[in-house]
Amino acid sequence: MSLVMAETTSIVDIRATVTKNSRYSQDTSIITLDCPAIAAAAKPGNFVNVKVSDATQPLLRRPFSIHNVRGNLIDIMVQAVGAGTSLLCNSPEGSSVMVLGPLGNCFDITSREFDTAILVSGGIGTAPMLFLEKTLAAKGKKVINLIGGRTKEYLLAKNLSNCRFATDDGSSGFRGNVVELLQNELPGFSTEGTLKLFACGPTPMLKSLAGFCRQHHLSGDLSLESVMGCGIGICYGCSVEVNAPDGTVRTILLCREGPVIDAELLAGL
Ligand SMILES: Cc1cc2nc3c(=O)[nH]c(=O)nc-3n(C[C@H](O)[C@H](O)[C@H](O)COP(=O)(O)OP(=O)(O)OC[C@H]3O[C@@H](n4cnc5c(N)ncnc54)[C@H](O)[C@@H]3O)c2cc1C
Ligand code: FES
């Protein structure tokens, strides 16, 4: 059971120009930021903490997964759920924001112990999957995406390959949640060699996946969310309790010891 600390040596806080703002779905936009130092150091699973406005409100920065890296540019996928995300989704091209990153630890993709990566995501949890998929593919791993959403309008799958979908209302793919889809598909995946699960999405989905990993003896990296302040281990705003199956309870700072944790650390919940 591993808990990987974030690397802090390459973190920078820079003013980044919004070079592109493109609408992705009804409430989601891709914001492209010119930040070479962050792009150069970013790993899949890392996030950035963005001061969405130079005004005093919103005061705190907002965390976003790194969705893609292209040369000096990073993309973040932002879903408008409140004041900060709405401001960012409406930020004009040519404007700038302060960006702190890359933050947090990353998905563990270096292991030679798996051939096929199953990427499981729900809702805006799909945001880190493009960067992860590209990096895994470059390492010669096979990738399968299982993507869940309330309806087909909430599936955020553009540019991802080898996708299977689950929707609550059955409007696209499997009717049900993404963990039930995984349960259904697992027998077929067994022919794909050794599997590892990578997941991001709502906490109930991740807890359910942790139990699934334990039951099926699969290793899994789960990217969690919490409210965050500083993003660098100072404010203690992101502390979460994790429970290992042996009953051990630990409090971790998700911005430094996460957002990615070993599935075993949720399996006891
Ligand atoms: C490591 C990490 C990576 C993230 N990556 C992404 C991403 O790639 N794209 C994206 O759109 N969002 C992402 N989020 C969530 C995003 O940071 C929040 O949605 C955002 O901070 C909300 O800010 P706001 O000002 O718009 O909303 P607020 O006005 O602060 O809150 C509006 C509503 O959103 C809820 N909310 C606030 N923060 C969170 C949160 N962290 N998780 C769930 N609900 C929240 C509040 O409870 C409230 O109901 C990530 C969060 C973390 C911790
Ligand atoms: S967000 Fe401040 S300690 Fe984690």
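On a predicted model such as this, the values are computed, not experimentally measured, just so you know. All residue numbers refer to positions in the sequence shown, counting from 1. Order of listing sets the numbers, starting from 1, for every ligand and every atom in it.
For atom 11 (O) of ligand 1, the nearest protein heavy atom (residue, atom name, distance) is Gln79 N, 2.8 Å. Protein heavy atom nearest atom 9 (N) of ligand 1, with residue, atom name and distance: Met77 O, 2.7 Å. Among protein heavy atoms, atom 21 (O) of ligand 1 sits closest to Arg62 CD, 3.2 Å. Closest to atom 26 (O) of ligand 1 among all protein heavy atoms lies Thr85 OG1, 2.4 Å. Here the heavy atom of the protein found nearest to atom 34 (O) of ligand 1 is Val81 CG2, 3.6 Å. Counting only heavy atoms of the protein, atom 10 (C) of ligand 1 lies nearest to Ile124 CG1, 3.4 Å. In terms of protein heavy-atom proximity, atom 37 (C) of ligand 1 is closest to Val227 CG2, 4.9 Å. The protein atom (non-hydrogen) at minimum distance from atom 3 (C) of ligand 1 is Ser65 OG, 3.6 Å.
Atoms of ligand 1 found under 4.0 Å from any heavy atom of Ser226 (numbered from 1 in listed order, with element): 41 (N), 53 (C). The atoms of ligand 1 that sit less than 4.0 Å from any heavy atom of Ala83 are 25 (O), 26 (O), 29 (O). Contact atoms of ligand 1 toward Ala127: 8 (O) (distance under 4.0 Å to a heavy atom of the residue). The contact set between ligand 1 and Val78, taken as ligand atoms under 4.0 Å from a residue heavy atom, comprises 11 (O).
For the 3.5 Å distance criterion, the side chains of Asn105 and Glu257 fail to qualify, holding no donor opposite an acceptor.
For atom 29 (O) of ligand 1, a protein heavy-atom neighbour is found at a distance under 4.0 Å. Note that atom 52 (C) of ligand 1 has protein non-hydrogen atoms nearby, at separations under 4.0 angstrom. Atom 49 (O) of ligand 1 is never approached by the protein to below 4.0 angstrom, counting heavy atoms only. Atom 46 (C) of ligand 1 is not flagged as protein-proximal [any protein heavy atom, distance under 4.0 Å]. Less than 4.0 angstrom separates atom 32 (C) of ligand 1 from at least one non-hydrogen atom of the protein.
Under the 6.0 Å distance and 45° angle rule, Lys152 does not count as a cation-pi partner of Phe165.
Polar contact check, Met228 against ligand 1: no nitrogen or oxygen pair lies under 3.5 Å apart. Between Leu224 and ligand 1, not a single N/O pair is under 3.5 Å apart.
Distances shorter than 2.8 Å separate atom 2 (Fe) of ligand 2 from the protein N/O/S atoms Cys230 SG, Cys235 SG.
For atom 42 (N) of ligand 1, the choice among His67, Glu225, Gln57 with the nearest heavy atom turns out to be Glu225.
In terms of modelled atom types and a separation under 3.5 Å, the side chain of Lys43 and the main chain of Phe107 share no donor-acceptor contact. Thr28 places no side-chain N or O within 3.5 Å of a backbone atom of Ser25 that could act as its donor or acceptor partner. Between the side chain of Asn90 and the main chain of Ser86, a donor-acceptor pair closer than 3.5 Å is present. With hydrogens and angles ignored, the 3.5 Å screen pairs a side-chain donor or acceptor of Ser53 with a backbone N or O of Ala55.
Ionic pairing of Lys20 and Asp34 is not present here: no N-O contact between side-chain nitrogen and carboxylate oxygen is shorter than 4.0 angstrom. Look at Asp75 and Arg70 and you find a salt bridge, because one of the NZ, NE, NH1 or NH2 atoms lies within 4.0 Å of a carboxylate O, short of that distance. The pair Arg175-Glu180 fails the salt-bridge criterion, with no side-chain N (NZ, NE, NH1 or NH2) lying under 4.0 Å from an Asp/Glu carboxylate O. With respect to Lys196 and Asp221, a salt bridge is recorded, a charged nitrogen being found less than 4.0 Å from a carboxylate O. Electrostatic pairing of Glu185 and Arg164 counts as a salt bridge here, judged by a charged N lying under 4.0 Å from a carboxylate O. Looking at Arg61 and Asp13, a side-chain N of the basic residue comes within less than 4.0 Å of a carboxylate O on the acidic one, giving a salt bridge.
Both the backbone and the side chain of Pro63 come within 4.0 Å of ligand 1, counting heavy atoms alone. Counting heavy atoms under 4.0 Å from ligand 1, residue Cys238 does not touch it at all.
Under the 6.0 Å cut-off for aromatic ring centres, Phe114 and Phe198 qualify, their centroids lying closer than that.
Atom CZ of Arg150 has 12 or fewer heavy atoms from other residues, nucleotides or ligands within 6.0 Å.
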Full working for side-chain hydrogen bond (donor to acceptor under 3.5 Å, both in side chains) between Glu113 and Thr194: CA-CA 7 Å; Glu113 285 159 17; Thr194 311; over 6 Å; no
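Applying side-chain contact (heavy atoms from CB on, under 4.5 Å) to Leu130 and the options Ile30, Leu160, Ile66 leaves one that passes, Leu160.
Here the closest non-hydrogen pair linking Leu103 and Val48 is CD1-C, 4.4 Å.
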